[in-house]
Amino acid sequence: MKFVLPRASKERLDALLSYLGDRAYDFKKCFDVQSEYCLMYADLMLRGMESRDLEYGERHHIVPFCFYKMEKKNCVRSSKYVSYNNMTYLTYQEHSYAHYCAAQCGMGIMKGKMASAFLRMYNRAKYMPTNCEVISIISSEEFEATRKLIPKIAKVESEGRTHTWEDPAQAKKDYYYANK
């Protein structure tokens with residue numbers, strides 16, 4: 001299935017919020033509903049609820065699981081509390097782009113958590129059996145900007161230290177001297 005970029009539409013967001021019912025309040029705590037990325041995220045979520053025949057699909061929480069995990073420490077990913085009226089079924093590419101959109105429109109602590117989830121999806125692309133068009137849609141500058149939304153990475157950047165993926169030995173030295 002060819003990936004089609006989501007369209008930013010206030011009507012689609014309104015339809016998603018209506019579908020979510022009481023969960024719409026949780027959604028608004030997680031995402032900036034004025035953001036174009038949130039509008040695209042809503043389009044992807046509704047696309048995943050449409051009846052379609054997918055060769056391969058992935059489940060995705062519309063209101064992120066980590067939101068409920070922070071709110072109620074002992075909740076389980078598959079519990080009714082977390083999943084009821086909160087799931088959609090996406091292709092891998094839609095799922096990856098949904099995480100990218102979520103990282104861009106996340107608010108507060110959710111911004112870093114969504115960026116981290118996107119990076120996990122992005123890194124998984126190299127192991128997917130088919131060519132992942134989504135990865136080529138997101139520029140290296142956009143990828144780097146999203147990576148810097150993660151608080152730990154932003155801290156290393158602001159302190160001028162080396163990241164472990166750049167040079168593990170230097171990163172260890174930088175960390176030692178920064179925390180002496």
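These numbers were taken from a predicted model, which means no experiment stands behind them.
- The aromatic rings of Phe31 and Tyr41 lie tilted to each other, with the angle between the two planes from 30° to 60°.
- Shown here for Met121 and His99, the closest heavy-atom pair between the two residues is CG-CD2, 3.6 Å.
- In this structure the side chain of Tyr84 reaches within 4.5 angstrom of the side chain of Arg23, judged on heavy atoms.
- Counting non-hydrogen atoms of other residues, nucleotides and ligands closer than 6.0 Å to OH of Tyr25 gives a total of 12 or fewer.
- Ser96 places a side-chain N or O within 3.5 Å of a backbone atom of Tyr92 that can act as its donor or acceptor partner.
- Between Met87 and Ser83, the shortest heavy-atom distance links the atoms CG-O, 3.4 Å.
- In this structure, the side chains of Met110 and Met70 come closer than 4.5 Å at one or more pairs of heavy atoms.
- The CG atom of Asp26 sits 6.0 Å away from the CD atom of Glu71 when rounded to the nearest 0.5 Å.
- The nearest pair of heavy atoms linking Cys30 to Val63 is SG-CG1, 4.1 Å.
- A distance of 11.0 Å separates CD in Glu144 from CG in Leu149, rounded to the nearest 0.5 Å.
- Of all heavy-atom pairs spanning Ile62 and Met49, the tightest one is CD1-CE, 3.6 Å.
- In this structure, Asn86 contributes its side chain and Leu20 its backbone to no donor-acceptor pair below 3.5 Å.
- Heavy-atom neighbours of Glu55 CD from other residues, nucleotides or ligands within 6.0 Å: at or below the threshold of 12.
- Side-chain contact between His61 and Cys66 is absent, with no heavy atoms from C-beta onward closer than 4.5 Å.
- Shown here for Leu17 and Lys28, the closest heavy-atom pair between the two residues is CD1-CE, 3.8 Å.
- With 3.5 Å as the limit, one finds no donor-acceptor pair spanning the side chains of Thr91 and Gln93.
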>> Run Glu58 and Tyr89 through side chain to side chain contact (heavy atoms under 4.5 Å, CB included) and show every step you take.
In response: CA-CA 5 Å; Glu58 299 180 347; Tyr89 198 63; 5.9 Å; no
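- The shortest heavy-atom contact between Ser35 and Cys105 is OG-CB, 3.5 Å.
- Looking at heavy atoms from C-beta onward, Cys38 lies out of side-chain contact with Asp32 at the 4.5 angstrom threshold.
- Side-chain contact between Pro64 and Met114 is present, with at least one heavy-atom pair separated by less than 4.5 Å.
- With rounding to the nearest 0.5 angstrom, the SG atom of Cys101 is 8.0 Å from the CE atom of Met45.
- Considering CG of Leu119 and CD1 of Ile153, their distance stands at 6.0 Å, rounded to 0.5 Å.
- The CD atom of Gln34 lies 8.5 Å from the CG atom of Leu13; values are rounded to the nearest 0.5 Å.
- Put simply, the side chain of Met40 does not reach to within 4.5 Å of the side chain of Leu5, judged on heavy atoms.
- In terms of hydrophobic clustering, with Ile, Leu, Val, Met, Phe, Trp and Tyr side chains grouped at heavy-atom distances under 4.5 Å, Met107 and Phe65 are assigned to different clusters.
- You'll find the side chain of Arg12 stays beyond 4.5 Å of the side chain of Pro6, heavy atoms only.
- Using a 4.5 Å cut-off on side-chain heavy atoms (C-beta onward), Tyr122 and Thr146 make no contact.
- A distance below 6.0 Å separates the ring centres of Tyr100 and Tyr97.
- Of the inter-residue distances, the one linking Leu90 atom CG with Tyr56 atom OH reads 11.0 Å to the nearest 0.5 angstrom.
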